[in-house]
Every structure is written in C-alpha cells, then in structure tokens.
Protein chains: 2
Amino acid sequence: MPLDDRKKRILEAVINDYILTAEPIGSRTIAKRYDLGVSSATIRNEMADLEEMGYLEQPHTSAGRIPSDKGYRFYVNNILEHYLKETYDYEFESFNEVFAEIDEIVKKYAKLLSSITNHTIVVKMPRIDENTIKRIQILPVDSNKLILLVMTESGIMKNYLISLKDNIDSNLFEFLNNLINNKMTGKRKREVDKTLRDEIKKESGSAMGFIDKITDTILNSLKQMDETDLYSEGISNILNFPEYKDLFKAKTFFDLIDNKDIMNSVLEPEDDSIEVTIGSESKFEEMWDLSIIKSTYKINGEIVGTFGIIGPTRMNYKRLINEINMMSNELSKVLSYIYQENKR
Amino acid sequence: MPLDDRKKRILEAVINDYILTAEPIGSRTIAKRYDLGVSSATIRNEMADLEEMGYLEQPHTSAGRIPSDKGYRFYVNNILEHYLKETYDYEFESFNEVFAEIDEIVKKYAKLLSSITNHTIVVKMPRIDENTIKRIQILPVDSNKLILLVMTESGIMKNYLISLKDNIDSNLFEFLNNLINNKMTGKRKREVDKTLRDEIKKESGSAMGFIDKITDTILNSLKQMDETDLYSEGISNILNFPEYKDLFKAKTFFDLIDNKDIMNSVLEPEDDSIEVTIGSESKFEEMWDLSIIKSTYKINGEIVGTFGIIGPTRMNYKRLINEINMMSNELSKVLSYIYQENKR
DNA sequence: ATTAGCACTCTTAGCTTGAGAGTGCTAATC
DNA sequence: GATTAGCACTCTCAAGCTAAGAGTGCTAAT
C-alpha cells in the first residue's frame with residue numbers, strides 16, 4: 001500500500017522534529033507545529049497506521065513515535081528528492097602554485113566538512129593501486145641509500161627510503177634508474193609483478209645478481225604502498241548527540257572508527273553517486289544504530305577515494321547530502337585542476 | 001620541614017591506592033592494606049599533617065584524602081627514583097630493508113605506546129626545520145609541473161608538487177637543479193632565506209626573470225614545511241578514566257588535544273631527559289587537571305621530535321615513565337639505525 | 001606518642017511520589 | 001465514512017526523602 005499524501009507529510013514532520021530534538025514526537029506536537037488542517041486525534045490514527053506499516057516506532061507505550069530505519073529510507077528515497085534538484089557550480093578564482101601532498105589537501109577538506117557538519121568524517125585516502133604510474137625514479141642519497149619516488153597519472157606521490165646492504169656505484173645506479181623507468185612507466189601498479197621483474201633481470205646482464213636484489217626491494221616497497229589509508233576527522237563530534245551521552249556507547253563508536261576492516265568495507269565505493277546506508281541496512285552489526293552518507297572523489301574522472309559522514313540514524317539527511325555533494329565535487333575539482341596536464 | 005619516613009610511606013600509599021581506585025582514600029583503608037604497624041587513628045593524624053603541608057587534599061569533610069599536585073610532585077621527585085634505576089638495552093636482530101616514511105614509523109610507535117599504556121599519546125612529528133639539508137632536488141613531471149624533494153641529514157623527507165605558470169625547457173631545468181642543489185645543500189632550512197635567493201638571482205643571468213619566480217615558489221614551499229606536525233593516538237582512552245565520565249569534561253579534553261597552539265607549546269622539549277608536568281604546574285589552565293609525561297626522540301643524537309603521555313593527574317607515573325623511556329629510546333635507536341650513514 | 005571510642009558530617013544509592021506527556025478507544029459530530 | 005472531543009489509562013522522569021556507609025576530628029585512656 002502506497003503512502004497517501006497526508007501520511008507522507010506526517011512522516012516527514014516526525015523525521016524533521018526528531019532530527020532536531022532527539023525526543024519521541026507526539027501527535028499533539030505535530031498538530032501544533034505543522035499546519036496539517038486536522039486534529040491531533042486524526043494524526044494519532046495516522047501515526048498508528050504508519051507504525052503498523054513499519055515507518056515509525058514507539059520506544060514504549062505512551063511515548064511519542066520515532067522514525068524507523070525504513071522510515072528514514074522512505075524519507076531519503078521519496079521525500080528528499082524534491083530538495084536535491086539544485087546543482088552546485090563552483091568557479092575557481094585563483095590558485096597558489098605550491099601544493100602540499102595530495103593527502104594534505106584531502107585532509108583539509110575532511111576537516112572543513114567535519115566543522116561545517118559537526119559530524120564525524122571518515123575518509124578513504126587516495127590510493128595508488130589502480131592508477132597508472134606516470135613517473136618512477138630512484139635517487140641516490142648516499143653510498144648505500146636511495147629514495148624511491150613514485151608518481152601516478154592522477155598525481156598521487158609516494159616516496160620510500162631504501163637501504164642497501166652493499167654500496168652502489170653511480171654508473172650502475174644510472175643504468176638501474178633508466179631500466180626501471182622504461183619498464184614501469186605507463187604500467188598500472190598491479191601490473192608491476194614477477195613477469196616484469198624477470199624482464200628486468202634478463203636485461204640487466206652482468207650486474208644481474210645485484211640488480212636482482214634491488215628490484216626485489218623496489219617491488220617490495222611498491223607492495224607496501226598498497227595498504228589502504230583511512231583517516232578520520234571530528235570523532236569527538238559524536239559526543240554532541242544526546243544518544244551518545246552514554247559513555248559505553250561513545251567508546252564503542254570510537255572503536256568502530258578505529259576498526260580498519262569495517263571502515264574499509266563500509267567506505268568501498270559501490271557506484272558513482274552519493275550513497276546512504278541507514279542503520280540496520282548495513283551488513284555490520286556495529287553500524288546498526290548509525291547511518292553513513294558517502295561520496296567518492298575523483299581526479300580527472302577517475303575515482304581515487306571515498307568520503308563518509310557518519311552519525312546516529314537520526315541525522316539531517318537533507319542538509320548532509322547536500323554538503324557532502326558540494327564538498328566532494330569541489331575536492332574533485334581542486335585535485336583535477338592541480339593534476340591536470342598542460343592546463344594552460 | 002622535611003617529611004619523615006612514615007609520612008612518606010603514607011603519602012605513597014595514598015597515591016598508589018588513588019591511582020588504582022580514583023576514590024578518596026581513608027585512614028582505615030591504609031591501615032588495613034599497608035602494614036605500617038600503627039593504627040588508623042595515627043594515620044589519621046599523619047594525614048591531617050600531610051594535608052596541612054599541602055601534599056594531600058580533602059574533596060569534602062568526612063571524605064578520604066586524595067593527593068594534591070604537590071603530593072604527586074613529591075612522589076615523582078623523591079619516592080620514584082628508587083624504581084627508575086633500571087636501564088634498558090635493546091639489541092636489534094635484523095632489519096627489513098625498505099622503510100616507510102619516517103612519519104609512519106613514529107606513528108607506529110605512538111600507536112604501540114598508546115595501546116600498552118591505555119593512555120592518550122600526543123606526538124610532535126619530526127620537523128625539518130632545525131636540520132641540515134642533505135639533498136634538495138627538483139624533478140620534472142611534465143612540461144609545467146615539477147616535484148621538489150627535500151631530505152635532511154637526519155633523514156626526514158618531504159616532497160611537494162609545484163605547478164608552474166609557464167613551461168620549462170630541459171636545459172633551464174638542469175641549470176636550475178644544479179643551482180639550488182649547490183646553494184642549498186648543507187645549509188639549515190632556516191638559513192635558506194632571502195640572501196640566498198638574491199645570490200641565486202644574481203647567478204641566473206639571462207634567464208633571471210623566470211628563475212626568480214621559481215625560486216620564490218621553492219622558498220615558499222620550504223616555508224610550508226615549517227608547520228609543526230602534531231599527531232595523537234588513543235584519544236578515546238580518556239574515557240576509561242572515571243573522572244572523565246562527565247561528557248562535558250571529555251569534550252573539553254578532545255578540544256584540548258586538537259588545540260595545536262597549546263599542544264605545540266606543551267610538547268616543546270625543554271631538556272634532554274624525561275619531563276613530568278603535573279596539573280597546575282602547567283602554564284595552561286586547560287591542563288590543570290591533567291598531567292603529561294614527555295620525552296624527546298632523536299636521530300643520531302639530534303632531537304627531532306617529542307612524545308607525550310597525557311591523562312588525569314592521577315596517573316601511574318612509575319609505570320608510564322618507564323614505558324615512555326623505553327619507547328623513546330627504542331624509537332631513537334630504530335630511526336638512527338635507518339638513517340645512519342654507511343653503517344656496514 | 002599512640003590508640004580506642006564515639007559523636008558528627010557528608011555523600012550516595014534506592015525508594016516514593018506526582019506531574020506531564022502521550023496513547024487508544026468511544027461516542028458524538030460534520 | 002471521516003474527523004474530532006473527551007477521557008481513562010500507561011509510562012517516564014525529576015524531585016524529594018531516607019538510611020546506610022565511609023570517614024573525620026576530638027577526647028580520654030593507655
């Protein structure tokens with residue numbers, strides 16, 4: 001049975017008020033605050049219907065109603081769409097010409113979003129994994145150490161210090177540098193595997209034994225770059241919500257945010273749009289009284305990471321969806337601008 | 001008036017018990033739990049004396065006593081020294097040869113220390129500022145972008161992406177690279193200032209206008225590296241302490257940890273040893289019910305950053321001092337090992 | 001100098017109670 | 001038939017009260 005218009009309006013009213021007050025909402029409150037043209041008794045009946053249909057719940061008899069996960073879902077899917085028509089188009093004025101590492105920029109945006117929304121933000125940082133290697137280079141530091149610098153097409157940079165057992169002379173170094181540069185540039189990181197190593201091995205000829213070791217080391221360090229990088233900002237914002245005045249619940253929340261496995265899975269982008277997961281819709285029990293709104297961010301059209309706003313299911317979906325939308329668009333734009341080739 | 005032996009033992013007993021229970025300690029409890037050979041009445045009198053002398057305080061009449069900041073200070077200075085005789089000597093077994101960025105290593109140790117101690121750890125990350133530049137290099141990315149890579153004597157590495165208004169040709173690039181390399185290597189970062197810029201300008205000759213701009217950009221990005229980098233780990237551990245069951249207090253604590261100015265000042269190393277600041281000894285009002293135990297960490301003898309364990313004044317100074325001591329020694333050793341030149 | 005004893009103080013956990021908010025049902029009304 | 005007024009009933013929660021418990025400080029005895 002589809003919801004008639006009055007039921008929709010009542011559901012919306014309950015959600016709106018509950019988002020604000022975190023208190024169960026009674027029929028009289030709605031009759032007073034919203035001009036629905038019917039008395040509280042009618043609303044009372046409608047609310048009983050909505051509860052029976054699963055959109056509302058009652059914490060205990062003779063308390064008001066609160067929205068259920070299903071109620072929020074209906075709200076997000078059916079009621080919210082009217083408000084989300086606006087598109088944001090942001091024009092960049094001017095740019096400084098020095099850019100921090102990409103991670104710093106992403107963190108800055110996470111911080112901004114957290115302070116605007118007063119929510120906890122979780123971020124999957126840009127990963128090097130799926131990207132094409134644009135530049136790979138080794139640089140000598142001293143006789144037995146070198147820096148491995150990798151930069152991908154989308155602008156992610158990583159550097160690692162490699163310490164060698166034996167000293168390396170400058171001719172050999174030059175040779176090695178050219179070799180890995182030729183072999184690895186333009187490849188995706190995951191393509192840089194054993195086959196490639198064998199190829200390098202073959203070409204290195206006389207210096208083989210030594211080159212062999214170094215190549216292994218380099219491949220190793222590339223593997224290290226794999227580890228997903230998670231970041232969070234504004235965790236303590238959870239304490240602003242009265243439902244987290246219980247210390248134990250707060251502690252559980254902190255532990256959840258620190259749980260790399262769950263966060264990683266939760267932040268995995270499923271499609272290109274903004275996704276909302278409400279309470280028990282999550283496959284993780286730990287998330288059942290939380291909602292997350294997540295959005296990807298991109299460099300030149302390629303998804304490089306994910307942003308999420310996480311908080312109690314009672315969240316201001318309307319406002320937050322707008323804000324994450326704006327923010328991820330802007331971040332993508334900034335990153336793309338920086339890493340765009342020959343832009344002028 | 002110096003404390004006689006019995007008073008010392010009673011003070012120690014109060015502190016020990018209070019660290020464990022977070023409850024005011026009464027005379028009877030001490031008589032029962034510690035075998036001092038006197039009755040509770042005697043202890044009662046002694047405690048009254050200790051209170052008058054400022055080592056103990058009473059939350060309200062007819063409650064037990066809790067240690068004052070002065071009490072803790074006395075404990076740390078006079079009682080603890082017996083326990084701190086042990087020295088740790090750690091031998092490294094073997095090392096993998098790829099090292100993550102220095103920051104990652106420091107963070108790993110912070111995490112470890114936090115999980116061992118169940119306290120919040122604040123860290124001043126390695127700074128490039130006071131260190132000699134060992135290697136500075138620009139690398140072309142594409143026609144209008146380059147990477148600036150700086151490495152200091154102690155092994156701190158930073159890289160920045162620089163985006164140029166105009167394209168740069170490879171001859172000019174080579175020239176510029178040699179120039180900044182010659183001029184900046186071996187200098188301390190803060191010495192790389194306007195004077196140097198002028199020098200570079202003078203030598204650049206015909207290409208001057210262009211080089212000028214790039215040099216400015218480079219100096220700018222060096223300035224960016226200045227910003228102190230603070231890091232914290234295990235913030236939520238504060239919720240383990242009953243004195244932070246009050247949500248408002250917890251929130252204040254979180255804000256304090258996020259306050260870069262205060263944390264930066266608090267973590268400024270004053271001397272080479274382990275420092276303990278107890279409650280109101282701090283110049284920051286925000287720290288008055290907190291204590292911090294801090295220790296520096298070094299690379300090849302040079303201080304590069306600071307570690308701090310922060311928590312309620314009721315902390316297990318004895319255990320924590322030992323643990324931060326061990327940890328910072330080990331970290332210094334690891335870092336020095338990695339960045340030691342020609343170690344084999 | 002130490003200790004037993006005791007009156008006194010202060011806090012806190014547990015209990016009771018009444019106000020307030022809200023429901024669901026019934027009967028009257030539009 | 002849908003809406004509404006009215007009312008009995010339910011449940012929560014804050015306020016006030018009380019008694020138990022922990023601890024002190026003082027006095028007088030050892």
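Sequence lines set the chain letters: A, B, ... in the order given, protein chains first and strands last, and positions in each chain run from 1. These figures come from a predicted structure and were not determined experimentally.
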In whole angstrom, give the distance that lies between atom [atom1] of [X] and atom [atom2] of [N].
X	N	atom1	atom2	result
A:Ile30	C:dT23	CD1	C1'	14 Å
A:Ile66	D:dT12	CD1	P	14 Å
A:Arg33	C:dA21	CZ	P	14 Å
A:Arg28	D:dC7	CZ	C1'	14 Å
B:Glu51	D:dG23	CD	P	15 Å
A:Asp4	D:dG1	CG	P	18 Å
A:Glu23	D:dC11	CD	C1'	15 Å
A:Tyr18	C:dG22	OH	P	14 Å

Phosphate-side-chain proximity, [X] and [N], N/O vs OP1/OP2 below 4.0 Å:
X	N	answer
A:Ser62	D:dC9	no
A:Thr61	D:dT10	no
A:Arg65	C:dA21	no

Does [N] pair with anything, Watson-Crick or G-U wobble, both distances under 3.5 Å, and if so, with which nucleotide?
N	value
C:dA19	D:dT12
C:dT29	D:dA2
D:dT27	C:dA4

Q. Below 4.0 angstrom, N of the basic side chain to O of the carboxylate: do B:Lys8 and B:Asp5 qualify?
A. no

Q) Nearest to the side chain of B:Ala48 - C:dA21, D:dG25, D:dT24? A)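 Output: D:dG25.
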
**Q.** Given D:dT24, C:dT11, D:dC11, the nucleotide with the shortest approach to the side chain of B:Met47
**A.** D:dT24

Check: protein-nucleotides 2-5 of chain D nitrogen or oxygen pairs below 3.5 Å:
from	atom 1	to	atom 2	distance (Å)
D:dT3	OP1	A:Arg6	NH1	3.0
D:dT3	OP2	A:Arg6	NH2	3.1
D:dT4	OP2	A:Ser39	N	2.8
D:dT4	OP2	A:Ser39	OG	3.4
D:dT4	OP2	A:Thr42	OG1	2.5
D:dT4	O5'	A:Ser39	OG	3.4

(Q) Using the rule salt bridge (charged side-chain N to carboxylate O under 4.0 Å, His left out), only one of A:Arg33, A:Arg65, A:Arg314 pairs with A:Asp17; which is it? (A) A:Arg33

Q.
Are there over 12 heavy-atom neighbours, none belonging to A:Asp271, within less than 6.0 Å of that residue's CG?
A. yes

Q. What's the spacing between A:Glu275 CD and A:Leu267 CG if we round to 0.5 Å?
A.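 Interatomic distance, A:Glu275 CD to A:Leu267 CG, rounded to 0.5 Å: 10.5 Å.
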
Q. Which value, rounded to the nearest 0.5 Å, describes the distance between B:Leu56 atom CG and B:Ser68 atom OG?
A. 6.5 Å

(Q) Quick check on the 6.0 Å ring-centre criterion: do A:Phe254 and B:Phe254 meet it? (A) yes

(Q) Classify the ring geometry of A:Phe74 against A:Tyr55: parallel below 30°, tilted from 30° to 60°, perpendicular beyond 60°. (A)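 If you compare the ring of A:Phe74 with that of A:Tyr55, the planes turn out perpendicular.
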
